[in-house]
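Here the structure comes first, spelled out in structure tokens, and everything after it is commentary.
One-based numbering along the sequence shown. What you are looking at is a predicted structure, and each value in this text was computed from that prediction instead of being measured.
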Amino acid sequence: MSAAASALSAPASAARIAAANASVLPARVALLGTGTVGGAVLARLNAWHGTRLGERLSLVHVANSRRAAVDRAGLAPERAATALTASDRPSSLDDVAAALSWDGLAGDGARVVVDATASEAVAERHAQWLAQGIHVVTACKIGQGTSLARWRAIRDACARGGSGYGDSATVGAGLPLLRSLRELQAGGDRIHAIAGVLSGSLAWLFNHYDGMRPFSALVRQARDAGYTEPDPRDDLSGEDVRRKLLILARAAGVALDAGEVEVASLVPPELAILSKDGVDAALPALDVPLRERYAAAYKNGEKLRFIARLDCGGDGRHTARVGLESLPGDHPLAGGAGTDNKVAIWSDRYRVQPLVIQGPGAGAEVTAAGLLDDVLRLVG
């Protein structure tokens, strides 16, 4: 099993060390990012106060992009946000490893960075922390969902540092997608294909679009409800889905590079070239193409879904693509509701009828739960 898979199955030596340390000191945790997801992490930690779970973790560092709050004796989760607001300590990624030490000793217990950001700069540090023996748990797809070089650097750093990389929340907001792929392979199964609805925002849009109301109006509603990014082109372009498919493919043993994924963006050229300020007024450029696609699907009794696909050829050749598809009404991926993600996995074991995993694919609470589940697995 690859070192990158250690989020769900840490190297044996690391697991033994974590188990031994857990009985001595609680794992020390640094939380980076206190926005929607980071705030939900703090709320979950606060709910664990005074419980066995709470006793296993000590929050010693909290930071956003501007400032940090540090207390090696432990920050109370319910007061961490207030402490951060009052802090005059500037945020620096250079300080994270030192903040996780205990009286200057790095070996007295497990150390974990929880990355609740979407920051390129933070993702660049993942391999460095892992090589120092610090576990990294993240919902950010930039680490494992971009270049192969960065993905390999993370794997190698896990091996060197005896550390684990918790990535369950990067795809499906903590649904057991990556864990299932890795466990199938660990049992000798071979993955043939993966297909799925991997974007909660695009799932919501196409679960609600009926061809009557302008698609642009639905996009504005989704944006205002917080289902899409502030610039909805980030969702409609398919780039987010591409990253998620890369993470799934690599977990399935297919070392795809980003350029090997064919992406059919929903964003027309006239909308793609605009500055962020001009996007809202130009959203109606989506309406005619989507209405035509919907009408054609409806005529055939089909449904529109934004699908990511990986086909693993028996000859070692693989194809990967992301885009809008028209699916028969009884297709395994045509159902669903709200922001549900739905993923089908075909393998030796599931050759005819795929294994289907479905559940909420977006939301701060489920993402925070996925992050902390990984933390607890890693610290033993």
Side-chain angles (χ1 to χ4, degrees), residues 1-15 17-18 29-33 61 63 65 91-101 106-107 110-171 177-179 181-182 185-186 239-261 310 318 320 370-371 374-375 377-379:
M1 179 179 296
S2 71
S6 58
L8 303 174
S9 180
S13 59
I17 293 169
V29 177
L31 173 63
L32 306 183
H61 181 97
S65 60
S91 179
S92 172
L93 297 177
D94 292 333
D95 296 340
V96 173
L100 287 170
S101 67
R111 298 170 293 162
V112 188
V113 170
V114 177
D115 177 6
T117 75
S119 167
E120 170 74 25
V122 176
E124 285 182 350
R125 297 291 186 115
H126 287 180
Q128 177 182 325
W129 290 323
L130 291 163
Q132 293 175 284
I134 300 171
H135 304 305
V136 174
V137 172
T138 185
C140 180
K141 294 169 284 293
I142 299 174
Q144 290 202 122
T146 52
S147 71
L148 264 177
R150 178 173 287 171
W151 174 70
R152 285 171 174 150
I154 288 171
R155 286 163 42 105
D156 293 344
C158 286
R160 292 198 310 274
S163 51
Y165 194 74
D167 58 1
S168 297
T170 59
V171 185
L177 295 173
L178 295 168
R179 181 166 73 249
L181 284 170
R182 289 164 178 154
Q185 291 183 93
E239 181 57 34
D240 179 68
V241 177
R242 182 217 299 259
R243 288 175 176 170
K244 292 176 180 177
L245 183 60
L246 285 170
I247 293 170
L248 288 176
R250 292 164 179 175
V254 180
L256 282 183
D257 210 339
E260 296 181 80
V261 182
L310 170 70
H318 313 286
L371 287 168
D374 274 354
V375 171
R377 289 188 190 100
L378 286 168
V379 303

Roughly how far apart are [X] [atom1] and [Y] [atom2], rounded to 0.5 Å?
X	Y	atom1	atom2	answer
Arg111	His61	CZ	NE2	13.5 Å
Arg155	Leu148	CZ	CG	9.5 Å
Arg243	Thr146	CZ	OG1	6.5 Å
Ile142	Ser119	CD1	OG	6.5 Å
Leu246	Leu310	CG	CG	9.5 Å
Ile247	Leu177	CD1	CG	11.0 Å

Kindly indicate whether the side chain of [X], heavy atoms from C-beta on, has any atom under 4.5 Å from the side chain of [Y].
X	Y	answer
Val96	Ile134	no
Leu256	Leu245	no
Ser163	Leu130	yes
Tyr165	Thr138	yes
Val29	Val379	no

_From Gln144, Lys141, Arg179, residue fulfilling side-chain hydrogen bond (donor to acceptor under 3.5 Å, both in side chains) relative to Asp167_ =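 Considering Gln144, Lys141, Arg179, a side-chain hydrogen bond (donor to acceptor under 3.5 Å, both in side chains) with Asp167 is found only for Gln144.
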
*Could you tell me whether a side-chain N or O of Glu260 sits under 3.5 Å from a main-chain N or O of Asp257, the two making a donor and an acceptor?*
yes

*Do Glu124 side-chain atoms and Arg150 backbone N/O form a donor-acceptor pair below 3.5 Å?*
no

*Could you check Val137 against Val113 for side chain to side chain contact (heavy atoms under 4.5 Å, CB included), going step by step and ending with a plain yes or no?*
CA-CA 6 Å; Val137 172; Val113 170; over 6 Å; no

*Test: Arg377 and Asp374 ion pair at under 4.0 Å*: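 Salt bridge flag = yes for Asp374 with Arg377.
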
